[in-house]
Asks: 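If you scroll down you'll find the structure; I have some questions about it.
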There are 2 protein chains.
Amino acid sequence: MGKGAKVDTFPPEDETGSARFDRIYCSLRDRICLLDYPPGTVLSEVALAREFEVSRTPIRRVFHRLEFMGLVQIRNGVGTIVTDIDLKTFKETYDLRKRLAEMMGELSPVEITATHMTQIDLIIARAREIETHRGNYDDLALIANDTQRLLSDLTGNTPLREIAELLYIRVARIWFTLLPQFGWDEAISGQLHELREIRSGMADNDIRAVGQYRSKDLQRMMNLLGRSLVGS
Amino acid sequence: MGKGAKVDTFPPEDETGSARFDRIYCSLRDRICLLDYPPGTVLSEVALAREFEVSRTPIRRVFHRLEFMGLVQIRNGVGTIVTDIDLKTFKETYDLRKRLAEMMGELSPVEITATHMTQIDLIIARAREIETHRGNYDDLALIANDTQRLLSDLTGNTPLREIAELLYIRVARIWFTLLPQFGWDEAISGQLHELREIRSGMADNDIRAVGQYRSKDLQRMMNLLGRSLVGS
DNA sequence: CAAATACAATCTGTATACAGCTTGTATTTG
DNA sequence: CAAATACAAGCTGTATACAGATTGTATTTG
């Protein structure tokens, strides 16, 4: 999943230290989140060092960041393994995300700009474009990612934004794993429904409504999950 | 402040890797939080490497963790500097912490045990003991830290607990900096009041009430801060 | 044959030398 | 004298060799 979805950028000539770190970190984070590296995958420091044309040191720095984000577990003498999430933690995280979504509009809300409207319209257009491409879960995942990014832009409270992003990154890939179980129609129509709700709230310049829609949709996902687990 | 409050433990003989990391990380984190290293302090990798009898490598690992926690800023060619917090971020963080405190009792609440009651009683006893030791802000800070730790133990939702701790660590020292401005009587009586409120909620096995008390007290701190800033 | 044991392969953790960046200072230059 | 410049000191970033930990496997031993 997602193999062809992202092209890793080549390093520019004058790349500074932190830019290189960000490049490698974002690459690996996205590979994990988009399931190029599924849970259980053992990441090799030396192999990645060769691929990114650096030594082990910067790779290790990235690994420790990924561990802090909850995406890998580093074990001495064993290796660095992409984490899985137990259902209890998954549910707790979604419960919390649901609450944080409600806060989005209540803590220092931002003003909706024309740029924001352009962004949501573009995302909706992309979702409609793949509506009939049954089973295109890769692009659906990218759309979900961009939706989260847009909602981040609409979150005025900085710490809240950071934490919402962190929790999203932690559980997004688990969600992506479950997506196919729901079937394409349910998945894409749910995503489009959420996007249109969000857009209506944005059109009214009502961030509070946007947050409540998001919260409701997270609840809907939890319900779907519950049904899926009972049904399997 | 806090110089004599904490004794760094000696490394045991059979110390494993991650234990060493935790030891150094907690030492430096506490030194920053308890203002042994006030904002603006430049931390030296080589000096700390000498002190902890390791090479620069583990110290760098700790520095990157501290940077992720928001306690230091690492700048290439310059140094690693203990951060300060601007008032906007400080207020945003408190607004968020206030909301998270309310959630404590609502998301998977835990059962209060006799151990928990013993802990809160011990903290209250310590607070009463220093009640007449005017200006003993160091011990007051330690009491505030242990209060936070107890509330963490009462938070059943794991991600919520982690995030509440993170936000506390980020802003605690700023709060400690401001404490003396409020005067000893206000500071110690406020702390004791909060502790007794928390205890009453715990005695009723009502985590929701505990969270609401905590939220209210965070609001009270914000109000004090506002007055202090207007008055200065 | 089964169980304990020794070992080798492979991984992360650490130490250290060196490269690159930033900044204050001394020097040069108009 | 003032401003631009060259430089040196000190910091973090990187590369790499080596140490320590873990685990699967082959060997030994009863």
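Order of the sequence lines fixes the chain letters, A, B, ..., with proteins taken first and strands second; residue numbering starts at 1 for each chain.
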Asks: Return the set of residues passing salt bridge (Lys or Arg N to Asp or Glu O under 4.0 Å) with B:Arg75 (not counting sequence neighbours), or none when no residue passes.
Replies: none

Asks: Can you confirm whether the side chains of A:Arg31 and A:Tyr37 place a donor and an acceptor under 3.5 Å from each other?
Replies: yes

Asks: Just the rounded figure in Å: distance from P of C:dT14 to CD1 of B:Ile59.
Replies: 10 Å

Asks: State which residues pass side-chain contact (heavy atoms from CB on, under 4.5 Å) with B:Thr118; sequence neighbours excluded, sorted by chain then number.
Replies: none

Asks: What are the residues of residues 41-48 of chain A, sorted by number, that bring a heavy atom to within less than 4.0 Å of DNA chain C?
Replies: A:Leu43, A:Glu45

Asks: Which residue lies toward the 5' end of DNA chain D, B:Gly77 or A:Gly77, if each is placed at its nearest nucleotide?
Replies: B:Gly77

Asks: Starting at CZ of B:Arg75 and ending at P of C:dG24, how long is that distance when rounded to a whole Å?
Replies: 10 Å

Asks: Taking CG from A:Asn76 and P from D:dT23, how many angstroms apart are they, rounded to a whole number?
Replies: 10 Å

Asks: Just the rounded figure in Å: distance from P of D:dT14 to CZ of A:Arg23.
Replies: 11 Å

Asks: Please write out the pairs of protein N or O atoms and N or O atoms of nucleotides 15-19 of chain D separated by less than 3.5 Å, giving the distance to one decimal.
Replies:
from	atom 1	to	atom 2	distance (Å)
D:dA15	OP2	A:Ser55	N	2.6
D:dA15	OP2	A:Ser55	OG	2.7
D:dA15	O5'	A:Ser55	OG	3.4
D:dA15	N7	A:Thr57	OG1	2.7

Asks: Using the side-chain heavy atoms of A:Arg61, tell me which of these nucleotides is nearest: D:dG13, C:dT12, C:dG13.
Replies: D:dG13

Asks: Starting at CD1 of B:Ile24 and ending at P of C:dT14, how long is that distance when rounded to a whole Å?
Replies: 8 Å

Asks: Between A:Phe21 (CZ) and C:dC21 (C1'), how many Å, whole number?
Replies: 18 Å

Asks: Could you name each residue pair satisfying ring pair (Phe, Tyr, Trp, His ring centres under 6.0 Å) that touches residues 78-98 of chain B, not counting sequence neighbours?
Replies: B:Phe90-B:Tyr94

Asks: Quick one: list whatever passes side-chain hydrogen bond (donor to acceptor under 3.5 Å, both in side chains) with B:Arg29, sequence neighbours left out.
Replies: none

Asks: Check this one for me: any side-chain N or O of A:Arg60 less than 4.0 Å away from OP1 or OP2 of C:dG13?
Replies: yes

Asks: Go through the structure and list residues passing salt bridge (Lys or Arg N to Asp or Glu O under 4.0 Å) with B:Arg161, not counting sequence neighbours.
Replies: none

Asks: Which residues pass the side-chain contact (heavy atoms from CB on, under 4.5 Å) test with B:Asn136, not counting sequence neighbours?
Replies: B:Ile130, B:His133, B:Asp138, B:Asp139, B:Trp184

Asks: Where does DNA chain D form stems of at least three consecutive Watson-Crick or G-U wobble pairs, each pair having both distances below 3.5 Å?
Replies: C:1-30 with D:1-30

Asks: Rounding to an integer number of Å, can you tell me how far A:Phe52 CZ sits from D:dG13 C1'?
Replies: 18 Å

Asks: Among residues at least two apart in sequence or on other chains, which ones pass salt bridge (Lys or Arg N to Asp or Glu O under 4.0 Å) with A:Glu45?
Replies: A:Arg56, A:Arg60

Asks: Answer yes when A:Glu102 and A:Arg214 have at least one side-chain N-carboxylate O distance shorter than 4.0 Å, and no when they do not.
Replies: no

Asks: According to side-chain contact (heavy atoms from CB on, under 4.5 Å), who are the partners of A:Thr57, at least two apart in sequence or on a separate chain?
Replies: A:Ser55

Asks: Is there a side-chain polar atom (N or O) of A:Thr80 under 4.0 Å from OP1 or OP2 of C:dC11?
Replies: no

Asks: Kindly write out the residues that satisfy side-chain contact (heavy atoms from CB on, under 4.5 Å) with B:Pro180, not counting sequence neighbours, or none if the list is empty.
Replies: B:Tyr137

